[in-house]
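What you see is a predicted model; the values in this text were computed from it and never measured.
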Amino acid sequence: MQPNLMAIFRGVDRDGSGSISTMELQSALSNGTHNAFNPETCRLMIGMFDSNGDGAIEFREFQALWNYVNDWTACFRSFDSDGSGNIDRGELTNALTRFGYRLSPQFYTILMNKFDRSHSGRINFDDFIQLCVVLQTLTASFRDKDQDRDGIITIGYEEFLTMCTPMLLRR
């Protein structure tokens, strides 16, 4: 049964503006812990679905975001093999390998250090979404430059910054 998304949207749109800001989305989402949903993950998701570039999402965009979050929830749960509500290094390795990534143990250490905000050796739901979105976005940027698909690109410094900047800067 599909929930009444308009009622949910109105509940999240606390200021009644007809659109949802990053802060409103953050306060409405749960990452399975007692901590606030990662604001950077909210910013990334708003940016993905904000078709008019105003920094917020209207109802139509919210519907797409709702489906996106539900898909990520199902994905996350499928890789949380111990049912702990978060992803440990082994579960992360399994997930990203299943997504087609072949990464070194050293790079998994970097990912755990970056996305384990609780420093517990585990990645919460919101941070898992952020990790996957960042990895997917950077991979797409890399593939755009890797014309012969050999996993090697030659780019200038400014071109590198252009590839990475969307992941780093807030609007």
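- Taking the six-membered ring where the residue is Trp, Trp72 and Tyr68 present perpendicular rings, their angle passing 60° and hence far from 30°.
- Taking the six-membered ring for Trp, Phe79 and Phe99 have ring centres closer than 6.0 Å.
- Taking all atoms of both residues into account, the shortest heavy-atom contact from Phe76 to Asn86 is CZ-CA, 3.5 Å.
- The pair Asp127-Lys114 fails the salt-bridge criterion, with no side-chain N (NZ, NE, NH1 or NH2) lying under 4.0 Å from an Asp/Glu carboxylate O.
- Closest heavy-atom contact between Leu111 and Leu96: CD1-CD1, 3.8 Å.
- Counting non-hydrogen atoms of other residues, nucleotides and ligands closer than 6.0 Å to CE of Met23 gives a total of 12 or fewer.
- Here CG of Leu138 is found 7.0 Å from CE of Met163. Values are rounded to the nearest 0.5 Å.
- Hydrophobic clustering (ILVMFWY, side-chain heavy atoms < 4.5 Å, transitive): Ile110 and Ile87 are in one cluster.
- No side-chain N or O of Asp71 forms a donor-acceptor pair with one of Thr73 less than 3.5 Å apart.
- Residues Arg89 and Thr109 have side chains that bring a donor and an acceptor to within less than 3.5 angstrom of each other.
- With hydrophobic clusters built from ILVMFWY side chains whose heavy atoms lie under 4.5 angstrom apart, Phe160 does not share a cluster with Ile152.
- What you find for Leu29 and Cys42 is that their closest heavy atoms are CD1-SG, 4.2 Å.
- Phe59 CZ: more than 12 foreign heavy atoms inside a 6.0 Å radius.
- Taking the side chain as every heavy atom from C-beta outward, Leu44 and Ile46 never approach each other to under 4.5 Å.
- The six-membered or imidazole ring of Phe115 lies away from that of Phe128, with a centre-to-centre distance of 6.0 Å or more.
- Using modelled atom types, one finds a donor on one side chain and an acceptor on the other under 3.5 Å when comparing Asp80 with Ser84.
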